[in-house]
There are 2 protein chains.
Amino acid sequence: MKIQELADKTGLSIHTIRYYEKEGLLDTRHVQRDNNNYRNYSDAALERMKLIKKFQGIGCSLMELKDILKDHDTNTRSNQQVIEWISSKIDEIERKKEEYDHMLATLNLMLEYHIALENDPEKAQAMLKRMQSMQHTE
Amino acid sequence: MKIQELADKTGLSIHTIRYYEKEGLLDTRHVQRDNNNYRNYSDAALERMKLIKKFQGIGCSLMELKDILKDHDTNTRSNQQVIEWISSKIDEIERKKEEYDHMLATLNLMLEYHIALENDPEKAQAMLKRMQSMQHTE
DNA sequence: GTAAACTATAGAGTTAACTCTATAGCAAGC
DNA sequence: GCTTGCTATAGAGTTAACTCTATAGTTTAC
């Protein structure tokens with residue numbers, strides 16, 4: 001498929017797709033050139049783009065992805081090293097999830113407070129006091 | 001306290017702290033000037049820095065934080081609007097958490113596969129087949 | 001056969017969030 | 001009082017990840 005089609009299918013811009021190639025995130029299995037020098041993308045390219053988006057969504061940089069994918073493609077690292085990378089990534093995500101849970105708790109408390117402000121001023125007052133006394137203990 | 005002390009207590013650089021001020025994330029309750037024009041930070045500044053770091057950790061931009069905090073400070077928005085903002089933020093974080101869960105599942109599968117490669121080649125082979133048949137169904 | 005639409009490259013521009021540099025005014029220790 | 005270290009400002013530089021522009025070749029539709 002040509003670049004515009006891939007762009008449509010991935011939701012990325014053609015600029016971004018060419019940028020990813022320039023950054024070394026694609027290889028010959030993903031892009032070839034036609035006689036007219038137009039890029040011709042395989043289905044593997046589509047899969048790779050999806051994978052990149054997914055990993056990017058959880059905070060991986062393109063640099064990191066490039067390393068991992070190159071690795072995945074050429075098997076330069078030992079299986080042990082791959083296992084270690086995956087494990088540390090899992091830890092990282094789990095830490096991040098805990099952060100999110102903490103923020104969720106905070107936001108839910110904030111929400112409860114603002115709803116109380118509307119319906120139950122006394123409760124709101126009580127919550128405010130409770131929150132202030134927490135300020136310096138966390 | 002002076003800027004270096006705040007930097008030490010927050011883990012931010014003095015450059016970053018001044019940058020935050022320039023970007024409008026602090027006001028007179030956080031910073032005042034001494035006679036010699038040195039900045040003098042209150043404990044509120046410390047709290048604010050912590051808050052910024054927390055929200056930034058879950059993907060809020062400084063711009064967004066500026067809006068929220070300005071809001072929080074001056075009460076320009078109605079309580080209803082604040083409730084809506086908090087609710088949408090909660091939704092956002094919950095979506096993000098699901099993404100993380102999905103990635104965790106993927107990574108755990110990858111881990112299991114690589115461990116099987118070491119100890120149980122047959123299992124690894126079976127997993128590979130299973131994963132390949134999943135490729136085009138998701 | 002020509003205009004519109006798509007593709008190519010090289011390289012400049014953008015944005016967020018820092019990060020650093022140069023220059024200069026205070027401050028604290030000895 | 002001098003050196004060392006902290007503070008100030010203005011503005012330049014950096015990094016990642018795009019995003020866009022200029023210029024030019026190719027394809028497609030009419």
Side-chain angles (χ1 to χ4, degrees), chain A residues 1-28 30-42 45-46 48-70 89 92 96 99, chain B residues 1-28 30-42 45-46 48-70 89 92 96 99:
Chain A
M1 78 190 91
K2 277 187 288 181
I3 198 164
Q4 188 60 64
E5 190 181 341
L6 183 62
D8 292 343
K9 282 183 178 166
T10 56
L12 299 169
S13 77
I14 58 173
H15 301 292
T16 303
I17 293 170
R18 285 197 281 242
Y19 171 71
Y20 284 174
E21 183 182 347
K22 203 177 68 183
E23 292 298 302
L25 289 156
L26 305 177
D27 62 35
T28 49
H30 311 107
V31 209
Q32 309 262 85
R33 294 298 181 119
D34 288 340
N35 292 335
N36 54 15
N37 198 34
Y38 283 16
R39 287 174 182 83
N40 193 333
Y41 295 95
S42 65
L46 183 57
R48 170 138 300 190
M49 294 295 164
K50 285 184 191 165
L51 197 67
I52 292 170
K53 280 183 93 175
K54 248 191 197 170
F55 272 95
Q56 231 184 354
I58 59 155
C60 291
S61 70
L62 291 185
M63 251 309 192
E64 194 177 2
L65 278 174
K66 187 180 156 182
D67 271 7
I68 302 156
L69 293 175
K70 190 183 63 197
K89 207 70 206 169
E92 202 183 311
K96 213 94 178 84
E99 233 174 275
Chain B
M1 78 189 89
K2 277 186 288 181
I3 196 162
Q4 188 58 64
E5 190 181 344
L6 183 62
D8 292 342
K9 282 183 178 166
T10 56
L12 299 169
S13 77
I14 59 175
H15 301 291
T16 302
I17 293 170
R18 286 198 280 245
Y19 171 71
Y20 285 174
E21 182 182 349
K22 204 179 67 184
E23 291 299 302
L25 289 156
L26 305 177
D27 62 34
T28 49
H30 311 106
V31 209
Q32 310 262 85
R33 294 297 182 119
D34 289 340
N35 293 336
N36 54 15
N37 199 33
Y38 283 16
R39 287 175 181 82
N40 193 334
Y41 295 95
S42 66
L46 184 58
R48 170 137 302 188
M49 294 295 164
K50 284 185 193 166
L51 198 66
I52 291 171
K53 280 183 93 175
K54 248 192 197 171
F55 272 94
Q56 232 185 353
I58 57 154
C60 291
S61 70
L62 292 184
M63 251 305 190
E64 193 177 4
L65 278 175
K66 188 182 158 182
D67 271 8
I68 301 155
L69 293 174
K70 192 183 61 197
K89 207 70 206 169
E92 201 183 310
K96 213 94 176 89
E99 231 176 276

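In what follows, every chain begins at residue 1, and chains take the letters A, B, ... in the order their sequences are listed. As a basis for the values below, the full set of heavy atoms in this structure was taken, side chains included, without hydrogen atoms, waters or symmetry mates.
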**Message:** Please encode protein proximity along nucleotides 4-9 of chain C as a string of B, S and -, counting only heavy-atom distances under 4.0 Å.
**Reply:** --BSSB

Can you measure [X] atom [atom1] to [N] atom [atom2] for me and round it to whole angstrom units?
X       : N      : atom1 : atom2 : value
B:Lys22 : C:dT19 : NZ    : C1'   : 11 Å
B:His15 : D:dT7  : NE2   : C1'   : 12 Å
B:Asp34 : C:dA28 : CG    : P     : 11 Å
A:Leu12 : D:dC20 : CG    : C1'   : 17 Å
B:Glu23 : C:dT19 : CD    : C1'   : 14 Å
A:Lys53 : D:dC18 : NZ    : P     : 10 Å
A:Asn35 : D:dT27 : CG    : C1'   : 14 Å

Between [atom1] on residue [X] and [atom2] on residue [Y], distance to nearest 0.5 Å:
X       : Y       : atom1 : atom2 : value
A:His30 : A:Glu21 : NE2   : CD    : 11.0 Å
A:His15 : A:Lys22 : NE2   : NZ    : 12.0 Å
B:Met49 : B:Tyr20 : CE    : OH    : 7.5 Å
B:Leu69 : B:Ile52 : CG    : CD1   : 6.0 Å

**Prompt:** Does the salt bridge (charged side-chain N to carboxylate O under 4.0 Å, His left out) test come out yes or no for A:Lys2 and A:Glu5, once each step is laid out?
**Reply:** CA-CA 6 Å; A:Lys2 277 187 288 181; A:Glu5 190 181 341; over 6 Å; no

**Prompt:** Can you list the residues that meet the side-chain hydrogen bond (donor to acceptor under 3.5 Å, both in side chains) rule with A:Asn40, with sequence neighbours excluded?
**Reply:**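 A:Asn40: side-chain hydrogen bond (donor to acceptor under 3.5 Å, both in side chains) contacts with A:Asp34.
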
**C:dA17 phosphate, OP1 or OP2, under 4.0 Å from B:Tyr20 side-chain N/O** =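 Negative; the distance criterion is not met.
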
**Prompt:** So, does B:Lys53 use its side chain to make a donor-acceptor pair with the main chain of B:Leu12 at under 3.5 Å?
**Reply:**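 Judged by distance alone, no pair lies under 3.5 Å.
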
**Prompt:** What does A:Glu64 touch in the nucleic acid at a heavy-atom separation under 4.0 angstrom: a base, only the sugar-phosphate, or nothing?
**Reply:**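 A:Glu64: no heavy atom of the nucleic acid under 4.0 Å.
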
**Minimum heavy-atom distance B:Arg48-B:Leu25, with the two atoms named** =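 Looking at all heavy atoms of both residues, the shortest contact is CD-O, 3.0 Å.
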
**Prompt:** What closest approach, in Å, do B:Glu23 and B:Lys66 show between heavy atoms, and which atom pair accounts for it?
**Reply:**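 Heavy atoms only, the tightest pair is O-CD, 3.1 Å.
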
List, with names and distances, any nitrogen or oxygen atoms from the protein found under 3.5 Å away from nitrogen or oxygen atoms belonging to nucleotides 14-16 of chain C.
none

